[in-house]
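As a basis for the values below, the full set of heavy atoms in this structure was taken, side chains included, without hydrogen atoms, waters or symmetry mates. Given the structure is predicted, the values throughout are model-derived calculations rather than measurements.
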Amino acid sequence: MRSTGIRRTLVALGVGALALTACGSDGDDAADGTTRLTVNCMPPKSAKVDRQFFEEEIAAFEKKNPDIDVVPHDAFPCQDPKTFDAKLAGGQMEDVFYTYFTDARHVVDIKQAADLTPYVKELKSYDTVQQQLRDIYTVDGKIYGIPRTGYSMGLIYNRELFEQAGLDPDRPPATWDEVRTAARKISALGGGVVGYADYSAQNQGGWHFTAELYSQGGDVVSADGTKATVDTPEARAVLQTLHDMRWKDESMGSKQLLVINDAQQMMGSGKLGMYLAAPDNIPILVKEKGAKYENIAIAPMPGGKATLVGGDGYMFNKNATPEQIRAGLKWLDHMFLTPGDGFLGDYARAKQHDAPVGLPEPRLFTGAADTKDQQVKQANANVPVENYKAFLDGNQQLEMKIEPPHAQQLYSVLDGVVSAVLTKEDADIDQLLKDASGKIDGILARS
């Protein structure tokens, strides 16, 4: 599941698939030797500044590479789950196409991805990218994609409400017991203030349940991806905590079946103490929901075990020619994988356009590339980076776990579990987990 967009900039850059125009590779090399390359995930026209940046970078790339003609396609979102498989199967996918981390094995399994292994040595930045991110696009020893960005979940909280409730905003909750205690104190402020909010609809409840289960040391499916592992003490602990916060403490408010926009609205209006999210929520809270940067902080995932990570990258159409693959790798290097430069890394340009610089995204690079990226970012930071120190420090101690296979189907099942706990005081947690386990086993057996 995507976090909110996956951009660190002024608006959520929709992550998604593009218009259903015919776009797959057709060996499209011009007689003059120019290689034509279709790519997707161009920001939509509504995201004016992001689109401007994207267009500027394509123009700069083509100037340096006059033998490559980049044809971008835009729409929102970059990848629509309802049309993604259809585009692949129908030969409608671009030569270089956007994917979530969770797509990699699926695209390979249905034989729609080009094998990049013989060409990846031509990607100058490849060895500088975090190994765990590269591994996501490596299937059975072959490389099928290039990571672009990542996110990890944490606890976003309102510093002002913490202070009003007698809590230290520089010492955020580190355990779920501490979250529960803080939520009680915040909700006791009254005036419609809610201590802690969680999602329970549109598959988002299942997504958060997975993150919370990771934080307790549990998992949704077995390591080999064949059996459900939700009927466990760790899962019961997650649901019991939510149940008790909702019904015993009354710290989660009476309105339930929330989705991400609900929590963002509450936080932006100063009526919510805490909710789980990735750092890319922060600019949305400020730019769209009325919050102030100095009042919003993020802590690592409570529990101390693990956190859910996600992100995106690009894969190549199975019909892409060698020339198109080489051109596409050059394009990725220029656009996304040059520290301190390109579409995502030009922090000076982002700052000039009032985009937030200094948000605590997971680091994409290692070694000297990481050092340069961090130096340029720090030099142009325009947000209160001290509010994110706990998150950055704490993440170093957590296991980074990606979403489970068949995530959306599993989240749909788990949505029902979470929504039942938050809307029915007498919900039978044991039975809910038993039923969910059976349904997940069925999904995995059919895959």
Side-chain angles (χ1 to χ4, degrees), residues 153-157 165 167 172-188 194-201 203-222 227-259 262-263 272-277 299-308 398-399 401 403-404 410-441:
M153 300 286 283
L155 182 73
I156 288 185
Y157 63 98
L167 299 163
T175 68
W176 284 104
D177 284 343
E178 290 177 0
V179 170
R180 186 177 174 187
T181 298
R184 280 199 302 265
K185 292 181 177 180
I186 293 168
S187 61
V194 171
Y196 179 79
D198 213 343
Y199 315 153
S200 53
N203 289 13
Q204 295 176 22
W207 175 38
H208 268 203
F209 173 85
T210 299
E212 291 157 351
L213 183 54
Y214 286 176
S215 79
Q216 300 271 23
D219 216 328
V220 175
V221 300
S222 59
K227 297 290 291 182
T229 56
V230 295
D231 192 3
T232 60
E234 293 84 1
R236 289 184 187 84
V238 169
L239 295 178
Q240 193 64 55
T241 296
L242 291 174
H243 176 275
D244 292 348
M245 291 174 72
R246 167 71 173 95
W247 301 105
K248 292 183 179 179
D249 303 344
E250 298 182 345
S251 62
M252 295 184 68
S254 59
K255 182 182 178 182
Q256 297 302 321
L257 302 180
L258 305 178
V259 294
D262 299 312
L272 176 61
M274 301 171 285
Y275 76 108
L276 296 182
M301 195 74 176
K305 301 288 187 179
T307 185
L308 184 149
L398 300 178
E399 181 184 0
K401 299 184 66 171
E403 297 174 84
L410 272 55
Y411 293 164
S412 179
V413 171
L414 295 170
D415 247 18
V417 175
V418 178
S419 63
V421 168
L422 294 179
T423 59
K424 300 176 183 177
E425 187 172 3
D426 62 350
D428 185 336
I429 290 176
D430 287 345
Q431 190 62 50
L432 286 168
L433 289 174
K434 181 179 179 180
D435 292 345
S437 183
K439 292 176 182 178
I440 291 172
D441 280 343

Give the intermediate values and the outcome of side chain to side chain contact (heavy atoms under 4.5 Å, CB included) for residues E403 and L410.
-> CA-CA 10 Å; E403 297 174 84; L410 272 55; over 6 Å; no
OG1 (T229) and CG (L213) are apart, to the nearest 0.5 Å, by 7.0 Å
May I ask you to decide if G206's main-chain N or O and D415's side chain share a donor-acceptor pair within less than 3.5 Å?
-> yes
Quick one: OG on S419 to CG on L257, what's the gap to the nearest 0.5 Å?
-> 6.0 Å
Ignoring hydrogens and geometry, is there a side-chain-to-backbone donor-acceptor pair from H208 to S200 under 3.5 Å?
-> no
Can you name the closest pair of heavy atoms from W207 and L308 and give their distance?
-> NE1-CD2, 3.7 Å
Min side-chain heavy-atom separation M301-L276 under 4.5 Å | yes
Sub-3.5 Å donor-acceptor pair from the side chain of S222 to the main-chain atoms of K227, do we have one?
-> yes
Pairs meeting criterion side-chain hydrogen bond (donor to acceptor under 3.5 Å, both in side chains) with involvement of residues 427-440, two or more places apart | R236-D430, Q431-D435
Distance in Å, L258 CG paired with Y199 OH, rounded so as to fall on 0.5 Å steps | 9.0 Å
Taking atom CD of E250 as the centre, report whether more than 12 heavy atoms of other residues, nucleotides or ligands fall under 6.0 Å from it.
-> no
Determine, step by step, whether Y196 and T241 satisfy the side chain to side chain contact (heavy atoms under 4.5 Å, CB included) criterion, reporting the C-alpha distance in whole Å, the side-chain angles of both residues, the deciding distance to 0.1 Å, and the verdict.
-> CA-CA 12 Å; Y196 179 79; T241 296; over 6 Å; no
R180 versus D249: any side-chain heavy-atom pair under 4.5 Å?
-> yes
Rounded to the nearest 0.5 Å, how far does CD of Q204 lie from CG of L414?
-> 14.0 Å
Does some side-chain heavy atom of L398 sit less than 4.5 Å from a side-chain heavy atom of P300?
-> yes
Beyond-backbone contact of N203 with S412, side-chain heavy atoms, under 4.5 angstrom | yes
Taking the side chain from S251 and the backbone from S187, do they hold a donor-acceptor pair closer than 3.5 Å?
-> no
Does V421 reach the side chain of Q240, with side-chain heavy atoms less than 4.5 Å apart?
-> no
So does D198 pair up with R246, basic N to acidic O under 4.0 Å?
-> no
Considering all heavy atoms, the nearest A263-Y275 contact = CB-CD1, 3.7 Å
Polar contact flag, side-chain donor to acceptor under 3.5 angstrom, E399-Y214 | no
Return the minimal non-hydrogen interatomic distance between A228 and D441, and the atom names on each side.
-> N-OD1, 2.8 Å
Nearest heavy-atom approach of M274 to A183 is CE-N, 3.6 Å
Is there a side chain to side chain contact (heavy atoms under 4.5 Å, CB included) between D262 and V259 once you walk through the steps?
-> CA-CA 6 Å; D262 299 312; V259 294; 3.4 Å; yes
Looking only at non-hydrogen atoms, find the nearest pair between V418 and G205 and report the distance.
-> CG2-O, 3.7 Å
Within the side chain of D231, is there an N or O that forms a donor-acceptor pair under 3.5 Å with the backbone of L433?
-> no
State the CG-CH2 distance between D426 and W247, to the nearest 0.5 angstrom.
-> 8.5 Å
Smallest heavy-atom separation, V230 atom then A235 atom, equals O-CB, 2.9 Å
Can you check whether F209 reaches L239 side chain to side chain, under 4.5 Å on heavy atoms?
-> yes
T181 OG1 to L167 CG distance, which is reported to the nearest 0.5 Å = 9.0 Å
Would you mind reporting whether L422 and M252 have side-chain heavy atoms less than 4.5 Å apart?
-> yes
